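What you see is a predicted model, and the numbers here were worked out from it, not measured in a lab. The chains referred to below are lettered A, B, ... by the order of the sequence lines, with proteins before strands, and numbering in each begins at 1.
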There are 4 protein chains.
Amino acid sequence: METEDYGIQCFPDASPPKWHLAHTTWFFETFLLLPHLKNYRAFNSRFHELFNSYYRSLGHPYARSQRGLLSRPTVGEVYAYRRHVDTAVEDLLALSGNDPAVTEILEWGLQHEQQHQELLVMDIQYNFAFNPLRPAYAGFRAPARKPLDRERPESFAWIDFAGGPRPIGAEGEAFSFDNERPRHIAYLQPYALGQKPVTCGEYLRFIEDKGYGRPELWLADGWDQVLNQAWEAPLYWERQNGEWWHYTLGGMQTVDPDAPVCHVSFYEADAYARWAGKRLPTETEWENAVGAGSSWRHAVSGSNFLESGRLQPAPAAADAPLVNGLSQALGDVWEWTQSAYGPYPGFTPPRGALGEYNGKFMNNQRVLRGGSCATPASHLRPTYRNFFRPEDRWPFTGIRLCADRT
Amino acid sequence: METEDYGIQCFPDASPPKWHLAHTTWFFETFLLLPHLKNYRAFNSRFHELFNSYYRSLGHPYARSQRGLLSRPTVGEVYAYRRHVDTAVEDLLALSGNDPAVTEILEWGLQHEQQHQELLVMDIQYNFAFNPLRPAYAGFRAPARKPLDRERPESFAWIDFAGGPRPIGAEGEAFSFDNERPRHIAYLQPYALGQKPVTCGEYLRFIEDKGYGRPELWLADGWDQVLNQAWEAPLYWERQNGEWWHYTLGGMQTVDPDAPVCHVSFYEADAYARWAGKRLPTETEWENAVGAGSSWRHAVSGSNFLESGRLQPAPAAADAPLVNGLSQALGDVWEWTQSAYGPYPGFTPPRGALGEYNGKFMNNQRVLRGGSCATPASHLRPTYRNFFRPEDRWPFTGIRLCADRT
Amino acid sequence: METEDYGIQCFPDASPPKWHLAHTTWFFETFLLLPHLKNYRAFNSRFHELFNSYYRSLGHPYARSQRGLLSRPTVGEVYAYRRHVDTAVEDLLALSGNDPAVTEILEWGLQHEQQHQELLVMDIQYNFAFNPLRPAYAGFRAPARKPLDRERPESFAWIDFAGGPRPIGAEGEAFSFDNERPRHIAYLQPYALGQKPVTCGEYLRFIEDKGYGRPELWLADGWDQVLNQAWEAPLYWERQNGEWWHYTLGGMQTVDPDAPVCHVSFYEADAYARWAGKRLPTETEWENAVGAGSSWRHAVSGSNFLESGRLQPAPAAADAPLVNGLSQALGDVWEWTQSAYGPYPGFTPPRGALGEYNGKFMNNQRVLRGGSCATPASHLRPTYRNFFRPEDRWPFTGIRLCADRT
Amino acid sequence: METEDYGIQCFPDASPPKWHLAHTTWFFETFLLLPHLKNYRAFNSRFHELFNSYYRSLGHPYARSQRGLLSRPTVGEVYAYRRHVDTAVEDLLALSGNDPAVTEILEWGLQHEQQHQELLVMDIQYNFAFNPLRPAYAGFRAPARKPLDRERPESFAWIDFAGGPRPIGAEGEAFSFDNERPRHIAYLQPYALGQKPVTCGEYLRFIEDKGYGRPELWLADGWDQVLNQAWEAPLYWERQNGEWWHYTLGGMQTVDPDAPVCHVSFYEADAYARWAGKRLPTETEWENAVGAGSSWRHAVSGSNFLESGRLQPAPAAADAPLVNGLSQALGDVWEWTQSAYGPYPGFTPPRGALGEYNGKFMNNQRVLRGGSCATPASHLRPTYRNFFRPEDRWPFTGIRLCADRT
């Protein structure tokens, strides 16, 4: 990363890295230090608006689409801001000990920063892919790829789950966001999930079967996107001399047919499922499958999260840990569900500005589950609800199929 | 209605009346006559594209936003088209008797035309309201209004409903759309519904409490609408000399504080509920409350549907029929629910182009229930799922509050 | 023309026919009757804003782009408005005799209505061409066309004109617009004009030589238009089975290679001239060539103006009248000049709202000269300055080449 | 300037400083080195498209509006690029001596770089003004300001010039751009020019007289800008506590009533002139006044050009050099003329890609004359024709009035 890389914003949803660094710092300053640390002096009072993301109850946030137009503060000044706030947080902790009013906000601040760690990876990938010079973020080379063997037998397998009333959502003392609560009953029909996420090789068959040219496979809004955005393949994919390549944080690579397909929108996931004669799971179906029991806890360490340093999804390893029979349920790609993002029965947001954290976005978004190769491992749990707009493609998003069992 | 009124389209979603007349005719021609009536000759082969609404599997529909730019065919030619098709349908019925392949499509065609009857009323209202001359559609005058008595006691009442597993959706032989099926189990928490819809008088208190100026009450997308569209009141409302008026199909009228508030978006309904410390019901909560038993059947005839000729919601009559304790559950205003419009478990659309009828719109829409003053009475049933975008305000949309009971 | 044809507006610059009929009436009511006829009662006071085109000093004109969204007043009401005003004008004339304050405005009103007669033809053509049914406006059939003979010899001829100081602009008592005055001296270099306008056959060679694909031939703004609007030929041209057709008011016709090319923008005229190694004339070069002497007066009656009823440019007739050696200098097509539309030295607009008539548009427009097949013959004179934006193509616009002579 | 300041682009017309540095280098590489220096190796072949501004004949320029989205090449790499090209140019000069094919392009390259020196100043000002932190570019403080004395007598003076045929344009060996040639005769009426440019104090009277609220003062396109852009004062002006401030490269300063008004569009200049009962000069009137004789040569050194280091216009000094009676004719502010930018009679652009330098922009632009406080002094001459769109305000643009003398 060069200094120049910290400042750019190649589309309105991808913030400059510098902004992420400052905003996560602002979060601690605003929610933790100003209310709780006596005599705390803000680093720069103008930052209060500049690095507010969207909290309307805290004033007028600086326009999201113009974050890349601020050359000041410089990267150096932003790091000084971070040091200033880090020091003050340490002072506060030394003073307040285990005051739950402090530790609760501290926990939110850390969770918030983990979310921005993933956004940083997403945004850097988008910004670099946008540059015709296609710089690589990291020095690693991709492993040698097997050529796509179109003759080999389908290895697709289904894992069945029973129906009935099932508890969904978080409970207890461990941290979870407000949107994961309260725990409540959902009623499921019997169903099956694909044993692993849809691979690039499988998705290529959809492309080759003219999936992007058949309106009957798409939701109306999705088809509008296909036409307006001229979608022909997942984001970052390019065909060169008859071969598919894609931009990764390691630079341009050939597409690995065995890796999970990634950077597809909800519309593409949905169209793929319809093409395959299947559907996407609901978020309750997903959570019921993955969250039952404790096998997911053992699978975390063997999964492809941010800590693997790979920064892209990987083919299923032969010895990959299974979660109730499912492979790659955690990490690699966020799995689109068909569930619109909404409140659980009895949902109550926190009081004050943190009440804007999740609830105000419960509109025109779809839930994703399971984490990705850019998610910190400690951030994920089976009740975790991620959400994006159905047209979004720059997160590490993939597909797991679902089928009715009756 | 003058000839000129049949051709205009004042925003992309409101089609010209002439287009509705032609499109509903096209529906019978395309789905019923061309496949089933031997030797049927299309009235004009160019109409196949001109009056296709969105069925991609039938070719390239004429651009929706440009429907108001077609002076030809004339109104007279469209009526000739209708006579041509009506005659042919009668011929077909004489020939085919009770062939279910025919009667099923015929039923869809009739239901489809009923939907457009409501759209016609909505669109005419929008188009007339747009004209600075504010022509009235119908000759009736509004009844004299009581002045808003802000001192009178709240008459708000709650009707409680128990929780547990509940059957939801349509079954059996009677007609229903694909999106109402299959019948399945949903699991509800105990809840209460407002005894009647929110009135204009109640909504005025939200306005006067600066509801349109407080971002904390709104979903993020809703607040963007408030700012971008400069919303300050429901659609068609105007303040003149300190008094609220609204455009109705009978012309400009003062707002009746006792009538249900109408022409509010989902965002406004949701913000109002949050301001009131309550929430919107889910569609399953609504259906469970209204659909249980058969009291809804008795309430139809006393409800304010299209047949009343009023074309606007009315204050609850003293002797209005109740449905399981609820007033105005049917007719008057479509009631926004918090439920995103999606497929029921096991949903299967019909084969062929009719499969595009409902399923392809299951994205970024919210379900509304109960029918309105512009809905034909015979079109409505408790399992009926209407849907609009959360920003839509030109349908006859209103609010019924819901509260948790635990 | 059907009633429905009077109301549509297929792009913002093309007003509905009904609007033209009402606006020209409004002009007499506003500038003539209200100030000069005692006790005159406006037909409808709301029309004052509805049919104001752009006179800011008279209040807030109704939005230009929304003229097609008004179903009321109806066509019948607009004709009643015209009768009301016609009668009042006759009353005024009977009372005021030759009061110059009245006759001067009357003259402007008549000239103004003549301009709208041409706009009516232009706008009807645009609106009809927009309709996939492509209705014809008039019943005439085009004469049989000769096939394009690409082998026949070039018949292009130049007419030379000397340089030096030359008087330009109108003077004297006869009516002219403010923008044609005052008469003043311009200094010309020797030059030559094409004997006749560029023909469709000549323009086809530019198309076939990939003129629409070579950026070096175009002004920067013109090239942006070519790319953004996907221009490949003049407006209304379509290639069908290898042959060029164009929409005319008589319906679709094959392109006549001998007729002047029409419906080209300034950018296309300029690019064509550059491709031909020539340039467009300045408006002073054009006026000096056509206005000298009185031969133009004799040519009017033999020229293709509105009165010919043809409503499209025609090939040069063998016995066509010449103006100082030039063929088709009057009528057929407005000829783009390279001159930006600006004030003559000493230009003074009239006082009051009529001062907005011409002067306020002297920006980002180019001057055209000579009148077209849609211009009333009595409206035209050699000093007449028409103007359009360089991207406009819906007027009857053509090309006459110019060359330096030194 | 910090590294971060080199990369941002706050509106599409203001390129990032880094881009200017690379593009001016690209100009030498493309037009000088690649055709003329044998064995020259391009620094990076991808730069050929990245730093092409608009030369369509050289391929597909990188999109102008996205220049701020390129974090690579870094500032350091751009400087390396400059060193690489500088060295090669020195090599070429050593080899080619006085080969005119080389020195002519070299001259264009140097003139081109001077133009970008001014653009750099303009763009940096825009980018800094955009940042809510309002950083200063340079360390200097503004001198103390006199308060605005509204009572003091008008000091406005006119300088008269005679009419008749006058030579206009460049000739001879000294460098000039193609658009300044050929020298030709223009015919002028007698006229007078304001002795000095319009001052901020004078312009404030226009503001206070509601100049921005009176449509009759504005061209139609200008009035649209006033409404759409909510113009209320020149660019960079802000009212704080009843006092006018403006952003300068030295930071926020109070407006000096004696300094020439700056950062006004052509529309504002034209409206001001109309308000004052005067008009803007034509470019020939300006050139005839300033270019006659040689007094302009003596005035250069005492004028406020880039070399003064002031970077903003200054009040007229008591001992300021006059040019034929005019004060501040050179430097301080570019003076809008009423002349549309077009070709002189007999204009011929250079062959090849340099032919795109000036000619292709001769559309919808107005000519400005005289140079500004950001123009290198050696770049300016009386025949020099600058041009901008009539709505542009970020150049250092001002007003000199003109009056007819008859």
Side-chain angles (χ1 to χ4, degrees), chain A residues 54-58 60 163-166 168 182 184-191 214-224 227 266-267 270 274 279-280 282 284-285 338-349 352-353 355-356 359-366 389-391 404 406, chain B residues 54-58 60 163-166 168 182 184-191 214-224 227 266-267 270 274 279-280 282 284-285 338-349 352-353 355-356 359-366 389-391 404 406:
Chain A
Y54 52 72
Y55 298 86
R56 300 280 180 178
S57 50
L58 300 175
H60 297 281
R166 289 287 184 283
I168 294 295
H184 61 284
I185 300 296
Y187 200 94
L188 301 184
Q189 316 296 318
Y191 64 104
R214 293 164 54 184
E216 70 273 17
L217 297 175
W218 297 77
L219 288 166
D221 293 340
W223 184 244
D224 286 346
L227 295 183
F266 170 79
Y267 296 129
D270 174 78
R274 192 167 292 112
R279 63 174 175 87
L280 300 179
T282 63
T284 54
E285 287 167 337
Q338 67 169 252
S339 299
Y341 177 50
Y344 283 166
F347 168 68
T348 317
E356 298 192 53
K360 69 187 302 183
F361 300 105
M362 291 176 171
N363 187 62
N364 293 4
Q365 315 241 19
R366 300 278 179 166
R389 304 236 175 227
E391 66 270 23
D404 293 326
T406 28
Chain B
Y54 51 71
Y55 297 86
R56 300 281 180 176
S57 49
L58 299 176
H60 297 283
R166 290 287 185 282
I168 294 293
H184 62 284
I185 300 297
Y187 200 95
L188 302 184
Q189 317 297 320
Y191 65 103
R214 293 163 55 183
E216 71 273 17
L217 297 175
W218 297 77
L219 288 166
D221 293 340
W223 184 244
D224 288 345
L227 296 182
F266 169 80
Y267 296 128
D270 174 78
R274 193 167 292 113
R279 63 174 175 87
L280 299 178
T282 64
T284 54
E285 287 168 336
Q338 68 169 250
S339 299
Y341 177 49
Y344 283 166
F347 167 69
T348 317
E356 298 192 53
K360 69 188 301 185
F361 300 106
M362 291 175 171
N363 188 62
N364 292 5
Q365 315 241 18
R366 300 279 179 165
R389 304 238 176 226
E391 65 270 23
D404 293 326
T406 28

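At a 4.5 Å heavy-atom cutoff, A/Arg214 makes no contact with chain B through either its backbone or its side chain. Only the side chain of A/Gln189 comes within less than 4.5 Å of a heavy atom of chain B; its backbone N, CA, C and O stay farther away. For a residue to count as touching a neighbouring chain, one of its non-hydrogen atoms must lie under 4.5 Å from one of that chain's; by this rule B/Tyr341 does not touch chain A. Neither the backbone nor the side chain of A/Tyr55 comes within contact range of chain B, judged by heavy atoms closer than 4.5 Å. Of the atoms belonging to B/Arg274, not a single heavy atom falls under 4.5 Å from chain A. Both the backbone and the side chain of A/Asn363 come within contact range of chain B, judged by heavy atoms closer than 4.5 Å. Proximity to chain A (any heavy atom under 4.5 Å) is restricted, for B/Trp223, to the side chain, taken from C-beta onward. Of the two parts of A/Tyr191, neither the backbone nor the side chain holds a non-hydrogen atom closer than 4.5 Å to a non-hydrogen atom of chain B.
Interatomic distance, A/Arg56 CZ to B/Glu216 CD, rounded to the nearest 0.5 Å: 11.5 Å. Taken from CD in A/Gln338 to CE in B/Met362, the straight-line distance is 10.0 Å, to the nearest 0.5 Å.
Contact tally against chain A (heavy-atom pairs below 4.5 Å) for B/Tyr267, B/Trp218, B/Phe266, B/Phe361: the top residue is B/Tyr267. The candidate from A/Ala186, A/Pro165, A/Pro390 with the greatest count of non-hydrogen atom pairs under 4.5 Å with chain B is A/Pro390.
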Apply salt bridge (charged side-chain N to carboxylate O under 4.0 Å, His left out) to B/Arg389 and A/Asp221, showing your working. CA-CA 12 Å; B/Arg389 304 238 176 226; A/Asp221 293 340; 2.6 Å; yes
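Here the closest non-hydrogen pair linking B/Asp404 and A/Gly346 is OD2-CA, 3.8 Å.
Looking at A/Asp224 and B/Lys360, no side-chain N of the basic residue comes within less than 4.0 Å of a carboxylate O on the acidic one, giving no salt bridge.
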